[in-house]
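Given the structure is predicted, the values throughout are model-derived calculations rather than measurements.
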Amino acid sequence: MTSQYQAGASDVEVRVCLAIPPSRALSHETWTSLQDDNPEFAEAVKYGRLLSEAWWDALGRKGVTMGKRFNTPLWIVQMRNRFGFKGADRALPGPGGSNPDPEKDEVTIYLPANGR
């Protein structure tokens, strides 16, 4: 289980790996029940999720140096969907230094004069 999480796997991927044939995956109910009934298993899942998030964080850190070869929007979607990542949803502060109101539908991002 740990090795899958270390490679960035999701809970669903781990549930497939833990299945005993002829089952194709542990059901959501079994997965939840195992965590509810076994504190050690629940702790292992929490640790595994931490390992998975660390793998995805490292991928993003490496991607910063890759330029156009790295698919930043795809990475952001993965982080948001897998871990509730909200960092990319925040706009940069405006010229006055104030952050935009997160309740508004429209956000303005100020770029340098050269557009980069």
Side-chain angles (χ1 to χ4, degrees):
M1 180 167 91
T2 303
S3 62
Q4 285 86 20
Y5 279 124
Q6 284 177 321
S10 66
D11 284 350
V12 172
E13 292 171 294
V14 172
R15 286 173 35 204
V16 169
C17 290
L18 292 177
I20 299 170
S23 177
R24 293 186 180 145
L26 292 179
S27 69
H28 179 72
E29 293 77 20
T30 301
W31 180 254
T32 303
S33 177
L34 282 169
Q35 291 179 71
D36 291 343
D37 297 342
N38 302 292
E40 289 177 0
F41 183 75
E43 195 60 35
V45 170
K46 287 179 188 176
Y47 179 64
R49 290 174 180 157
L50 185 65
L51 291 172
S52 179
E53 186 171 356
W55 184 90
W56 283 94
D57 281 346
L59 179 67
R61 191 177 63 252
K62 291 174 192 168
V64 169
T65 64
M66 293 174 62
K68 292 182 180 181
R69 296 180 313 159
F70 184 69
N71 191 333
T72 303
L74 179 60
W75 179 81
I76 290 170
V77 168
Q78 287 289 328
M79 293 299 288
R80 184 181 302 132
N81 291 342
R82 288 175 180 259
F83 310 109
F85 178 69
K86 301 291 184 215
D89 295 336
R90 295 187 196 111
L92 299 173
S98 63
N99 286 320
D101 184 353
E103 300 298 318
K104 292 182 179 178
D105 291 332
E106 189 174 310
V107 176
T108 303
I109 299 175
Y110 296 90
L111 297 173
N114 64 4
R116 295 183 185 175

Starting at CE of Met1, measure out to CG of Leu51 and round the result to the nearest 0.5 Å.
9.5 Å
Identify the heavy atoms of Arg15 and Leu26 that sit nearest to each other, and give their distance.
NE-O, 2.9 Å
Atom pair NE2/OG of His28 and Ser33 - distance to nearest 0.5 Å:
11.0 Å
Measuring from Met66:CE to Asn71:CG, what's the distance to the nearest 0.5 Å?
10.0 Å
State, with a plain yes or no, whether a side-chain heavy atom of Arg24 is found less than 4.5 Å away from one of Val16.
no
Any idea which heavy atoms bring Glu53 and Phe83 closest together, and the distance?
CA-CZ, 3.4 Å
Indicate the ring-plane relationship of Trp75 and Phe70, choosing parallel, tilted or perpendicular according to the 30° and 60° boundaries.
tilted
Nearest-0.5 Å distance, CG of residue Leu18 to CZ of residue Phe41
6.0 Å
In terms of side-chain heavy atoms, does Thr30 have a donor or acceptor partner in Ser27 at a distance below 3.5 Å?
yes
Less than 4.5 Å apart, side chain to side chain, heavy atoms only: is that true for Met79 and Asp57?
yes
Looking only at heavy atoms, what is the nearest atom pair of Ala25 and Ser23, with distance?
O-OG, 2.9 Å
Working to the nearest 0.5 angstrom, can you tell me the gap between Ser10 OG and Asn81 CG?
11.5 Å
In the single-linkage hydrophobic clustering (I, L, V, M, F, W, Y; side-chain heavy atoms under 4.5 Å), do Trp55 and Ile76 co-cluster?
yes
Does Tyr47, at its OH atom, have more than 12 non-hydrogen atoms belonging to other residues, nucleotides or ligands within less than 6.0 Å?
no
Using side-chain heavy atoms (C-beta onward) and a distance below 4.5 Å, is Tyr5 in contact with Thr2?
no
Under 3.5 Å, side chain of Thr65 to main-chain N/O of Lys62, donor-acceptor pair present?
yes
Arg49: salt bridge (Lys or Arg N to Asp or Glu O under 4.0 Å) partners, not counting sequence neighbours
Asp11
Ala9 and Arg82: which non-hydrogen atoms are nearest, and at how many Å?
C-NH1, 3.8 Å
Looking only at heavy atoms, what is the nearest atom pair of Gln35 and Ala42, with distance?
O-CB, 3.5 Å
